[in-house]
Number of protein chains: 2
Amino acid sequence: MTGNKKRIRIRDIADHLDVSTATVSRALNPNTEHMIRKEVVAGIKDAARELGYIPSPIATALRTDRTYTVGVAVPDILNPVFPPIINGIQDHLHQNGYLTLIVNTNNDQRVALDEIRRLITRQVDGFILANAFLDDISVRECLLREIPMVLVNRSIKNGNLVHQVLSDDEFGIELAINHLAELGHVRLLHLAGPPNILHGKQRLKIFRQLCRKNKIQDEYMVMDAFSIDAGARGAQQFLQQQSKATAILAGNDLMAVGAMDTLRNAGVSVPEEISVVGFNDMPLSDMLRPALTTISIPHMEFGNQAARLLLQVIESPDISRQLVLLTPKLVIRESTAKCRSR
Amino acid sequence: MTGNKKRIRIRDIADHLDVSTATVSRALNPNTEHMIRKEVVAGIKDAARELGYIPSPIATALRTDRTYTVGVAVPDILNPVFPPIINGIQDHLHQNGYLTLIVNTNNDQRVALDEIRRLITRQVDGFILANAFLDDISVRECLLREIPMVLVNRSIKNGNLVHQVLSDDEFGIELAINHLAELGHVRLLHLAGPPNILHGKQRLKIFRQLCRKNKIQDEYMVMDAFSIDAGARGAQQFLQQQSKATAILAGNDLMAVGAMDTLRNAGVSVPEEISVVGFNDMPLSDMLRPALTTISIPHMEFGNQAARLLLQVIESPDISRQLVLLTPKLVIRESTAKCRSR
DNA sequence: CTGTTAGCGCTTTCAT
DNA sequence: ATGAAAGCGCTAACAG
């Protein structure tokens with residue numbers, strides 16, 4: 001009913017108080033507020049409130065080249081690990097006045113690059129990438145253009161080029177292997193993720209090292225995705241090969257889910273015949289039957305830290321490279337049990 | 001290495017070819033391209049490519065008041081139903097050159113309103129809201145400000161005021177009740193969601209109607225959330241009350257998960273002793289044990305349709321109100337079985 | 001068909 | 001401490 005159509009601009013406030021637009025602008029900006037007499041500032045703020053002034057972020061962006069938005073790329077929003085990470089990122093960014101632009105890349109580097117470029121065109125102030133491959137063209141692009149960026153959860157081969165927030169995989173896998181060893185398992189199978197992704201390659205490497213160190217027989221299969229389907233295929237192969245392993249360490253929870261499903265369909269019971277350990281402790285992993293024993297990473301904290309780091313980088317682009325390593329923990333549930341050698 | 005610092009603007013192309021900026025602008029805009037001689041257009045496009053011209057969406061937005069961004073609000077990104085809906089939305093919007101701004105409102109109307117206002121400040125062209133309460137202040141705000149908006153999955157009391165993409169709950173619940181009736185269940189319990197949300201109120205109402213019509217004993221509990229926890233509490237109450245119901249129709253899958261967990265912990269087996277039906281067919285519901293029988297809604301399609309509708313509304317704001325009703329289907333898995341009266 | 005010109009709303013020299 | 005004025009990059013009257 002109130003035909004309150006017109007947007008209030010700085011000009012309106014200025015006219016209203018008979019000062020210049022420059023003065024209004026300065027009074028309303030915390031960084032320049034000190035340049036203006038206190039009383040004047042107060043008057044301007046009052047008028048702004050009174051008139052219902054809302055600054056135009058677009059005009060500001062055009063003028064200052066800062067948009068207060070950051071782009072976030074995830075490989076697969078359907079993977080339950082990512083929503084909590086996104087949540088953590090948004091929480092922190094939001095509190096600091098930033099907007100979050102989320103894009104889903106479907107695990108495809110080309111798609112990712114396209115999206116990243118679109119966001120660059122939109123002038124985002126920086127990126128948080130959760131979708132990095134070991135050799136990643138999007139990361140390279142950002143590096144080249146010197147756009148503030150932090151990698152979360154995944155990273156690139158040459159990690160010292162970038163800021164990163166990662167889980168301490170070595171520690172995580174050690175937890176898993178110790179747990180399994182204590183249960184009497186001496187022959188383990190690792191369902192590894194794709195070798196072009198950090199966790200795929202690194203977890204496998206650590207797995208093999210630690211097995212050797214602990215005198216445990218190590219088997220492994222390198223799968224082509226961190227998905228339920230890949231886990232299922234891995235388990236199928238495992239059954240066909242008549243492997244002697246008594247426990248499976250999956251590359252992530254989704255793979256664990258797929259593996260358990262296949263084992264169950266084949267009449268192999270978990271954990272009685274085979275123990276399964278996942279990685280991530282994604283939401284709902286406690287609601288599976290058997291509930292999944294897994295290496296838990298602090299999802300939200302991942303997001304928070306990544307956001308915090310990025311804002312730091314945006315403020316001081318030349319800050320030295322940072323690596324934040326978050327410590328995982330073992331969550332023992334129902335999918336692991338004492339080894340009953342077969 | 002290429003010190004390619006400077007952004008190429010329309011001005012640069014114009015100078016390069018000795019035409020005016022207006023001509024360049026027109027040549028590069030599909031809607032005005034026809035005003036310019038073909039050869040000139042070609043020349044301009046070539047030069048643009050050659051010089052690496054990237055238009056500034058910010059300048060365009062300032063000038064035209066169109067940002068080609070839309071805001072999407074979800075009540076809880078951790079609920080697995082929403083990621084696929086978001087996916088569907090983004091797919092469609094992206095194809096049409098729009099950017100998606102996703103905000104998570106934690107089921108809180110105040111938070112939602114704040115977020116919506118922030119996005120309005122950022123000049124989004126429209127909203128897709130998946131978080132509506134029956135009486136929703138954010139929806140009211142958008143209505144008041146006449147901002148293009150479509151509601152998806154949830155709606156408001158006075159639905160004819162808004163564009164909506166919803167599931168046909170009546171049909172869905174009918175499917176569920178028929179299924180249960182065929183299995184011999186004559187006493188059903190509905191775990192209803194909060195009555196201030198469409199699905200909470202509506203599904204309960206339909207449930208009661210259809211039970212009456214089918215001569216089925218209806219029981220129900222009204223819970224305060226569509227969450228695992230609420231489902232668990234509902235099941236607890238169910239056990240304490242020593243209800244005679246032999247099947248539970250949960251308000252959504254999360255509630256079903258919580259209920260099944262509680263039943264299992266109490267030593268009540270699903271589906272042997274109690275059948276459970278969910279609603280939504282969220283990702284992973286097929287990986288639960290027992291795998292969840294549920295009413296499946298086409299998540300992606302929800303998103304697609306909502307996006308399609310919104311773009312339509314943005315183009316023609318005065319289009320008549322639309323309601324898109326998507327048909328659910330019953331997915332029978334392991335959580336329902338023949339009634340063995342207790 | 002094309003050019004001239006005037007802004008969109010804001011910040012920031014430069015001057016006073 | 002404040003104001004005048006220029007301009008970020010683009011589009012859209014208006015004029016020819």
Side-chain angles (χ1 to χ4, degrees), chain A residues 5-45 47-48 51-69 97 118 120-125, chain B residues 4-45 47-48 51-69 97 120-125:
Chain A
K5 289 278 154 204
K6 216 178 74 240
R7 173 176 203 122
I8 304 295
R9 303 146 334 197
I10 274 192
R11 165 92 271 146
D12 299 315
I13 303 179
D15 289 352
H16 189 75
L17 297 175
D18 229 25
V19 294
S20 74
T21 57
T23 302
V24 176
S25 172
R26 288 179 182 124
L28 261 23
N29 185 318
N31 301 315
T32 48
E33 182 180 340
H34 67 272
M35 300 177 168
I36 309 296
R37 268 213 330 280
K38 277 210 168 104
E39 321 129 49
V40 180
V41 170
I44 289 175
K45 286 190 173 170
L51 298 178
Y53 169 69
I54 298 173
S56 158
I58 293 181
T60 306
L62 184 60
R63 191 54 236 253
T64 63
D65 260 319
R66 296 271 274 113
T67 57
Y68 293 91
T69 55
R118 270 183 75 147
I120 291 176
T121 297
R122 297 264 187 162
Q123 322 244 96
V124 298
D125 294 335
Chain B
N4 214 336
K5 289 278 153 203
K6 217 177 73 240
R7 171 174 204 124
I8 304 295
R9 305 151 337 218
I10 274 192
R11 168 91 272 148
D12 299 315
I13 303 180
D15 288 353
H16 188 77
L17 296 175
D18 231 24
V19 294
S20 74
T21 58
T23 302
V24 177
S25 172
R26 288 179 184 126
L28 261 22
N29 186 318
N31 300 315
T32 47
E33 182 179 339
H34 67 272
M35 299 177 170
I36 309 295
R37 267 214 330 280
K38 278 208 166 112
E39 322 128 47
V40 180
V41 170
I44 289 175
K45 287 189 173 169
L51 298 177
Y53 169 69
I54 299 173
S56 159
I58 293 182
T60 307
L62 184 60
R63 190 56 236 253
T64 62
D65 259 317
R66 297 272 273 111
T67 57
Y68 292 91
T69 55
I120 291 176
T121 297
R122 297 263 188 163
Q123 322 243 101
V124 297
D125 294 334

Quick one: A:Leu62 CG to C:dG7 P, roughly how many Å, whole number? 17 Å
Closer to the 5' end of DNA chain C via nearest nucleotide, is it A:Thr32 or B:Val19? B:Val19
Taking CG from B:Asn31 and C1' from D:dA12, how many angstroms apart are they, rounded to a whole number? 13 Å
Taking for each residue the nucleotide of DNA chain C bearing the nearest heavy atom, is the 5' side occupied by B:Ala59 or by B:Ala22? B:Ala22
Within this structure, what is the OG-CD distance for the pair B:Ser56 and A:Gln123, rounded to the nearest 0.5 Å? 5.5 Å
Straight-line distance of A:Tyr68 OH to A:Thr60 OG1, nearest 0.5 Å: 9.0 Å
May I ask you to evaluate whether A:Thr23 reaches the phosphate of D:dT2, defined as a side-chain N or O under 4.0 Å from OP1 or OP2? no
In this structure, how many angstroms lie between the C1' atom of C:dC10 and the CD atom of B:Gln123, rounded? 13 Å
Heavy atoms, side chains only, cut-off 4.5 Å: are B:Arg11 and B:Asp15 in contact? yes
B:Thr64 has a side chain; which of D:dG9, D:dA12, C:dT12 sits nearest to it? D:dA12
Can you find a side chain N or O atom of B:Arg26 that sits less than 4.0 Å from OP1 or OP2 on C:dC1? no
Rounded to whole angstrom units, what separation is found between the CD1 atom of A:Ile10 and the C1' atom of C:dG7? 16 Å
Can you name the one residue among B:Pro55, B:Ser25, B:Ser20 that meets side-chain contact (heavy atoms from CB on, under 4.5 Å) with B:Ile10? B:Ser25
Separation of A:Thr67 OG1 from A:Asp125 CG (nearest 0.5 Å): 3.5 Å
Whole-Å gap separating P (D:dA1) and NE2 (A:His34): 8 Å
Comparing A:Ser20 with B:Arg9, nearest DNA chain D nucleotide closer to 5' gives the residue A:Ser20
Between C:dG9 (P) and A:Asp12 (CG): distance, integer Å: 9 Å
Is a donor-acceptor contact shorter than 3.5 angstrom present between the side chain of B:Arg11 and the base of D:dG7? no
Between OH of B:Tyr68 and P of D:dC10 the distance, given in whole Å, is 15 Å
Just the rounded figure in Å: distance from P of C:dT4 to CE of B:Met35. 17 Å
Which listed nucleotide (D:dG9, C:dC10, D:dA1) is nearest to the side chain of B:Arg7? D:dG9
